[in-house]
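Encoded as structure tokens, the structure appears first; notes follow it.
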Amino acid sequence: MATTLSDKLIIFDTTLRDGEQAPGIALSPDDKVAIAHQLARLKVDVIEAGFAASSPGDFEAVARIADEVQGPVIASLARTHPDDIDRAADALQAATRKRIHVFISTSQIHREQMLRMSEEEVLQAITESVTRARRYADDVEFSPQDATRTHPDFVIESCRRAVAAGATTINIPDTVGYAVPSDFVALMQRVYSEVRGGNDDVIISTHCHNDLGLAVANSLSAIQAGARQIEGAINGLGERAGNTSTEEIIMAVKTREDYFGVEVGADTKEIFETSRLVSRLTGYPIQYNKAIVGRNAFAHESGIHQHGVLRHRETYEIMDPTAIGHASSIVLGKHSGRAAFADALGKMDINLEDEDFVRAFDRFKELADRKGEISEEGIRAIVSEKAGVVTDTMELVGIHFSGGNQEIPIAAVTVRRNGDVLEASSEGDGMVNAAFAALQQIFGIQAVLLDYRVSPLTSGADAMAEVNVIIQIGSETFSGRGVSTDVVEGSARAFTAALNKAAVGRSAVASDQETD
Ligand code: KIV
Ligand code: ZN
């Protein structure tokens, strides 16, 4: 069979699976669907929507994405267990194009310490699981986990077994971020020639972690060895130090097409928005100097650089910020009305149903009255604060403080539910803490604050801030977001959103029990 190497590089995004494994991230199925729609607008080729067998929440997210998101192939991860593969297939049923991604560890340390399986048992599990997955999908990916610490001969043997059983993509994970570009290329070359051989139906892929800061470099180096799929996550999210950053791969390959000689189908204008959405919903801030999407990525500080860029942008910029969707001119003010707000949402490709539109518009007016102007990023934050707000929940209407400085702060909080006004006050060791305590009294819920982040959306004395919280109640976690010009109010809004989710979860359980 003739070997033709395609020029197309497949972008496989795992923000919703490996990215979500980053500590402290707890995306709801609604958040995941919103990110998946945005990834489809970015035109990635494959979305790994989750690990269907890992939890009911993951199953629901994969199933909803399979049903609602069109364009990319939708994938679910699965261990080699038959039940995992059946769950993945079930969740993916509605997808127009689906992929089951089967993995098993192959390194000696993982086999002996975690799996307690011999090489022969691992090989047999590969054959059985890939064969089973092929009964449900034509598109099956296989990954030998911890490949870069596995003896290369066993990597090759495992992958050959997978191909013989019907795998169409062979993905080589650098699970612990151990590889360096030259040895990774050597391994990938062997996989390319000894596993793919002349079989044009098999795609060779990489999945690199960033423990040594080499994930992107290793992934790119694999292109020269024949890899035609790269797995990554937006903003480089993922286990520990994260994964290859999807946006860095897209822009490296586009900017240095002369060197890499491969094409990607991504719509780069969606990169900036995708990055901001993922940051907002995960609560993970973006490092200021992060390549491509950091706020300084196109900022020039020194006079010489500024002078050069003013004369000719390309003196110090190798990418056009507008090609990444960086520059935005949307700004609304306190005099902007419904039509202007609707127009701005339209330009941002945001569709809100009637009630959500009214809520978002009211909140916009409230903030614009205090702040004057609201930028595109502020509008997006307002919309995502309001998105997913469930009716019949509590709405924060007021918060007042006494004490402070030398005295213990006391927060008096007022919320409304369906016209009823409820109030509580509580002291705390700070204003945020007092507000949280008062809200817990109103909801009648005891929660632990697991994570609390404040991100500035704009600068200046009247800056808007977004607050993201994760609270824990028993073994469950709930996230909430709040936006305000006042950090304490933003925090109280974020707590209210998280407590509302918890309260809705509880009443659902209670009514399930009533009907049992
Ligand atoms: O890092 C890894 O090995 C993985 C596999 C499941 C592909 O995430
Ligand atoms: Zn991984």
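Index from 1, following the sequence. Both ligands and their constituent atoms are indexed starting at 1 by order of listing. Bear in mind the structure is a predicted one, so any value in this text is a computation, not a measurement.
- Residue contacts with ligand 1: R17 is included, with a non-hydrogen atom under 4.0 Å away.
- Angle NE2(H207) to the Zn ion (ligand 2) to OD2(D18): 90° [nearest 10 degrees].
- Ion pairing between D451 and R453 holds under the 4.0 Å rule for side-chain N and carboxylate O.
- Within the listing of ligand 1, atoms 2 (C), 3 (O) sit less than 4.0 angstrom from a heavy atom of P173.
- At a 3.5 angstrom cut-off on N or O pairs, H101 does not count as close to ligand 1.
- Residue D18 has at least one heavy-atom neighbour below 4.0 Å for each of these atoms of ligand 1: 8 (O).
- Using a cut-off of 4.0 Å between Lys/Arg side-chain N and Asp/Glu carboxylate O, E466 and R380 are scored as not salt-bridged.
- In the displayed structure, D153 atom CG is contacted under 6.0 Å by more than 12 heavy atoms of other residues, nucleotides or ligands.
- Annotation: side chain of T268 is in contact with side chain of K254 (closest heavy-atom distance under 4.5 Å).
- A salt bridge (Lys or Arg N to Asp or Glu O under 4.0 Å) with E141 is found for one member of R99, R134, K98 and no other, namely R99.
- Summarising the local packing, NZ of K269 is surrounded by 12 or fewer heavy atoms from other residues, nucleotides or ligands at distances under 6.0 Å.
- Atoms of ligand 1 lying under 4.0 Å from any heavy atom of H209, numbered from 1 in the order shown and given with element: 1 (O).
- For atom 3 (O) of ligand 1, the candidate residues are T175, D146, T14; the nearest heavy-atom contact is made by T175.
- For ligand 1, the polar-atom distance check against H207 finds a nitrogen or oxygen pair separated by under 3.5 Å.
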